[in-house]
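This one's a predicted model, so the numbers in the text were calculated from it and none came from an experiment. A, B, ... follow the sequence lines: proteins, then strands. Residue 1 opens every chain.
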Amino acid sequence: MSCDKEGKTLLLHYGELPPGEADAARVHAASCADCRRLLAGLEKAGALLAASDPAAPAGLAAAALERAVTGGQGLLSWLFLDWRRAAVSAAAAVMMVAVFRGAAPEPVPPVASAATIEEGLEDLEYSIYQARMDFSSRDTQDFDYKYADMESRKESV
Amino acid sequence: MLSDAELVRSFRGGDEAALGELIERHRNGLYAYLRRLAGDAAGAEDMFQDTWVKVARNIGAYREESKFSAWLFSVAHNTAMDALRRRRPDSVSLDAASAGDTMRHGVPVPSGRPLSEVIGSAEPGPESSYEAAESRRAIDGALAALSPEQREVFLLRHYSGMSFREIAETLGVPIGTVLARASRAAAKLREKLAGEI
Ligand SMILES: [Zn+2]
């Protein structure tokens with residue numbers, strides 16, 4: 001990043017500059033090798049995205065509509081998504097049956113207390129995550145500016 | 001053809017087909033965005049459905065002064081971030097087992113993992129042609145070089161049609177931060193795609 005007008009060039013590329021400023025930015029970009037490369041990169045990235053965008057799977061829109069209007073799980077959305085979860089549950093059920101048929105009755109394992117511990121851990125992890133997000137959102141802007149600044153200084157050196 | 005805002009008005013009036021038209025209209029763009037963000041098809045499909053459930057539920061919150069697509073993508077973005085953060089350490093790549101696992105207690109379970117660890121680069125999807133496969137290889141390689149925050153801004157700007165200012169509002173960061181991320185993203189893409197240009 002060696003041209004200080006790259007921000008304007010970026011806005012120009014996405015059509016976010018008012019006409020007067022856009023003309024000036026266009027004139028600049030035409031005579032600036034850095035900005036021309038920036039525009040070429042953005043155009044190439046946009047073209048590659050467009051050329052490789054995956055199409056939404058057939059049936060996804062109908063399933064989404066059904067879920068959206070019923071506010072829950074309709075048959076279509078079940079067919080579309082929940083068969084995966086259902087398959088996992090079914091596999092678990094089959095394993096449970098196999099275990100109980102193959103072994104003598106055993107004391108019930110302490111599932112409840114294990115679940116409680118796990119939920120406690122999850123609460124704790126979530127608190128840590130929230131604290132981390134609060135911290136990073138406060139610092140990001142300064143960091144971004146400083147990082148961009150340091151990068152451009154590094155390049156000019 | 002009715003505008004998005006007119007379809008929203010019809011849907012608010014009880015016309016469910018109007019919502020269907022909105023979903024159809026934004027289907028491919030929204031799915032492509034979520035697919036790149038999720039990195040896998042199953043995750044993107046979940047996020048796609050969840051997005052529309054939230055759109056339907058909160059349609060009263062949409063203001064016609066702003067573009068519907070901008071509002072839609074801000075709902076989608078928040079939905080995707082929630083889903084990505086819920087992924088457990090062993091379920092970064094969603095497969096059948098982990099898709100069930102993230103909802104095991106019937107409630108979303110935040111994994112405590114930061115954004116930088118949960119946004120994956122897109123994994124290859126089904127190849128429709130050699131050209132598409134080559135394009136995907138090139139752009140996935142370039143996107144993988146971006147930081148998660150840079151990738152987030154670049155993909156939102158590309159797919160949503162939101163302005164950088166609207167993206168700043170959606171992300172809750174200053175416009176200068178968004179522009180800095182976009183500039184860095186553009187510089188890295190330029191560098192990575194140099195051989196492709
Ligand atoms: Zn320049």
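Of the listed residues B:R165, B:E191, B:H158, the one with more heavy-atom pairs under 4.5 angstrom with chain A than any other is B:H158. Ranked by heavy-atom pairs shorter than 4.5 Å toward chain B, the options A:L10, A:T9, A:L42 are led by A:L10.
Counting all heavy atoms, side chain and backbone alike, B:S135 lies closest to A:A51 at OG-CB, 3.5 Å. When all heavy atoms of A:A61 and B:E24 are compared, the closest pair comes out as CB-OE1, 3.8 Å. The minimum heavy-atom distance linking B:G20 with A:L65 is given by the pair N-CD1, 3.6 Å. When all heavy atoms are compared, the tightest approach of B:F48 to A:A64 is CE2-CB, 3.7 Å. In this structure, A:L38 and B:A186 approach most closely via the heavy-atom pair CD1-CB, 3.2 Å. What you find for B:L193 and A:L48 is that their closest heavy atoms are CD2-CD1, 3.6 Å.
To the nearest 0.5 Å, the span separating OG on B:S183 from CD on A:E6 amounts to 6.0 Å. B:R190 contributes atom CZ, which lies 13.5 Å from atom CD of A:E43 (distance to the nearest 0.5 angstrom).
Contact of the A:H13 side chain with the B:R157 side chain is not registered, since no non-hydrogen atoms from C-beta on lie closer than 4.5 Å.
Under a hydrophobic clustering in which Ile, Leu, Val, Met, Phe, Trp and Tyr are joined whenever their side-chain heavy atoms come within less than 4.5 Å, directly or via other members, A:L11 and B:M162 fall into the same cluster. In the hydrophobic cluster analysis, where Ile, Leu, Val, Met, Phe, Trp and Tyr join through side-chain heavy atoms closer than 4.5 angstrom, B:V153 is grouped apart from A:L39.
Contact of B:Y33 with chain A is not made at all, since no heavy-atom distance falls under 4.5 Å. Residue contact with chain A, scored on non-hydrogen atoms closer than 4.5 Å, is absent for B:A142. Proximity to chain A is absent for every atom of B:E131, based on heavy atoms less than 4.5 angstrom apart.
Between the side chain of B:Q49 and the backbone N or O of A:R67 there is no donor-acceptor pair closer than 3.5 Å. Panel note: side chain B:R136, backbone A:S52; a donor-acceptor pair is recorded below 3.5 Å. Panel note: side chain B:N28, backbone A:A55; no donor-acceptor pair is recorded below 3.5 Å.
A:D53 and B:R35 are not joined by a salt bridge, as no carboxylate oxygen comes within less than 4.0 angstrom of a charged side-chain nitrogen.
Other residues, nucleotides and ligands contribute more than 12 heavy atoms inside 6.0 Å of the CZ atom of B:R12.
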